[in-house]
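Throughout, protein chains are lettered first and strands after them, A, B, ... in sequence-line order, and every chain is numbered starting at 1.
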Amino acid sequence: MRIATYNVNGVNGRLPVLLRWLALARPDVVCLQELKAPQDKFPEAALREAGYEAIWHGQSRWNGVAILSRSGTLHETRRGLPGDPLDEQSRYIEAAVGGVLVAGLYLPNGNPRPGPKFDFKLRWFERLHAHLAELVALDAPVVIAGDFNVMPTDRDVYVPERWRDDALFAPEVKAAYARLLEQGWTDALRHMHPDETIYTFWKYWRGAFERDAGLRIDHILLNPAAAARLVDADVDRRPRGWEKTSDHAPVWVELAPAARKTRSARRAKSAS
DNA sequence: ATGACACATTATATGTGA
């Protein structure tokens, strides 16, 4: 089962790129961020035509998240991150699909720092920490995928010195991400490629992609049950080189099929 | 320190992004 995350930077503006990539990569499940589309302007029909059903949480102009599936029905379990009834931004959506719980998120950018946007980012992180504490220990595999707007370490930034005070790289933000991992989540990309330079975002200007001057800010976290099934993970750099493309590239994980329960295991479970 | 570029809006300048 292949699960991907892709910050499309405008789901309608990028629809040709998104459809081309879906046809090429054929992921089973995809979390999208930065739809930049109100709820009724999501391209549901075009995606269905491409073989994907979808759930989405739109918002005019900014934010917006969706989950697509071509290989199993999406059973939505949550939209919106709990913990702040005043937060109306569309940044979190969660669904069960094919025996896996999948969450798609778009963490606040947080710039400028310091300031109210940065404070909102830290509070969002605290709410995420509280919610993920409930998910990490589930027996079912859980996959948290999205644009976290955090470079976790120096290795994830092309020139770390230029980003020290930025809201994507500030010590408080790196610490908040590290606290998530301490709950027991596996950073799938870093786990599969411990020593590589990996980027998922490149600015549009100054030939950043051609120079490979990028950032690693899109992440996929796995709870222990999902990590036990991790086969591979990588960045799909191909669509970043296309015309009229997003400034992010898709990130994906491949999970092995669930082990078939043995007769004795089923018996033990039903007896418990 | 600044800017490069691109998205959206019942737009034609502005806010946001990273």
Side-chain angles (χ1 to χ4, degrees), chain A residues 5-21 31-43 46 56-66 87-92 104-122 124-125 145-174 176-177 189 197-219 235 237 239-251:
Chain A
T5 177
Y6 191 9
N7 180 324
V8 288
N9 188 9
V11 71
N12 288 303
R14 309 301 184 197
L15 189 58
V17 164
L18 176 60
L19 293 174
R20 180 179 171 190
W21 176 70
C31 299
L32 300 178
Q33 302 87 39
E34 280 206 81
L35 303 179
K36 293 186 174 180
Q39 189 68 14
D40 62 352
K41 292 290 192 292
F42 183 83
W56 66 97
H57 194 194
Q59 181 177 339
S60 180
R61 280 194 271 191
W62 302 304
N63 309 321
V65 287
D87 176 11
E88 296 187 336
Q89 299 185 19
S90 299
R91 295 181 177 274
Y92 186 92
L105 65 83
Y106 175 46
L107 227 131
N109 174 303
N111 277 308
R113 168 183 179 266
K117 289 187 175 180
F118 188 70
D119 297 339
F120 179 67
K121 180 177 195 169
L122 293 183
W124 212 93
F125 246 124
D147 178 355
F148 284 69
N149 270 316
V150 184
M151 297 85 87
T153 70
D154 279 10
R155 158 173 290 165
D156 303 308
V157 194
Y158 66 104
V159 184
E161 287 65 34
R162 290 189 197 161
W163 292 86
R164 294 288 175 212
D165 297 323
D166 191 275
L168 279 70
F169 200 50
E172 312 93 295
V173 172
K174 281 185 285 194
Y177 185 82
L189 212 48
T197 297
I198 310 166
Y199 300 137
T200 67
F201 166 91
W202 301 259
K203 293 181 182 184
Y204 284 118
W205 51 83
R206 292 192 174 176
F209 184 59
E210 290 70 19
R211 294 185 293 118
D212 199 25
L215 309 172
R216 187 171 78 98
I217 55 177
D218 301 274
H219 307 302
V235 180
R237 298 167 63 106
R240 184 60 184 80
W242 298 345
E243 293 290 318
K244 299 288 287 179
T245 198
S246 171
D247 38 9
H248 295 250
V251 176

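Side-chain contact annotation: Ser246(A) with Asn9(A), donor-acceptor N/O pair under 3.5 Å absent. No side-chain N or O of Gln33(A) forms a donor-acceptor pair with one of Asp147(A) less than 3.5 Å apart. Between the side chains of Asp166(A) and Asn111(A), a donor-acceptor pair is found at a separation under 3.5 Å.
Rounded to the nearest 0.5 Å, atoms OH (Tyr199(A)) and OH (Tyr158(A)) are 9.0 Å apart. Taking CD of Gln59(A) as the reference point, atom CD of Glu34(A) lies at 11.0 Å (rounded to 0.5 Å).
Between the side chain of Asn109(A) and the base of dA18(B), a donor-acceptor pair under 3.5 Å is found.
Backbone-only contact: Asn149(A) has heavy atoms under 4.0 Å from sugar-phosphate atoms and none from a base. Counting any heavy atom pair closer than 4.0 Å across all strands shown, Asp147(A) reaches sugar-phosphate atoms only and no base atom. The residue Phe148(A) sits apart from the nucleic acid: no heavy atom pair falls under 4.0 Å. Contact annotation for Asp218(A): no contact, since no heavy-atom pair falls under 4.0 Å across all strands.
For the side chain to side chain contact (heavy atoms under 4.5 Å, CB included) criterion with Tyr177(A), the lone passing option out of Val150(A), Leu107(A), Asn149(A) is Val150(A).
With rounding to whole Å, Trp202(A) atom CH2 is found 17 Å from dA6(B) atom C1'. Taking atom CZ of residue Phe209(A) and atom C1' of nucleotide dA18(B), one finds them 17 Å apart after rounding to whole Å.
For the C1' atom pair drawn from dT12(B) and dC7(B), the interatomic distance equals 16 Å after rounding to whole Å. Comparing dA8(B) with dT2(B), their P atoms are spaced 28 Å from each other, to the whole Å. To the nearest whole angstrom, the two P atoms, one in dA18(B) and one in dA1(B), are 23 Å apart.
Residues Trp202(A) and Asp212(A) are in side-chain contact: their nearest non-hydrogen atoms beyond the backbone lie under 4.5 Å apart.
Between Phe169(A) and Trp163(A), the gap from one ring centroid to the other reaches at least 6.0 Å.
Contact annotation: His248(A) side-chain N/O to dG17(B) OP1/OP2 distance is not under 4.0 Å. Taking only side-chain nitrogens and oxygens, Tyr199(A) never comes nearer than 4.0 Å to OP1 or OP2 of dA18(B).
Ion pairing of Glu172(A) with Arg113(A) is present here, as a side-chain N (NZ or NE/NH1/NH2) and a carboxylate O approach within less than 4.0 Å.
For the segment residues 150-160 of chain A, no residue has any heavy atom less than 4.0 angstrom from an atom of DNA chain B.
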Sequence-aligned protein contact record of nucleotides 7-15 of chain B, with B where the base is within under 4.0 Å of a protein heavy atom and S where only the sugar-phosphate is: BSSS----B
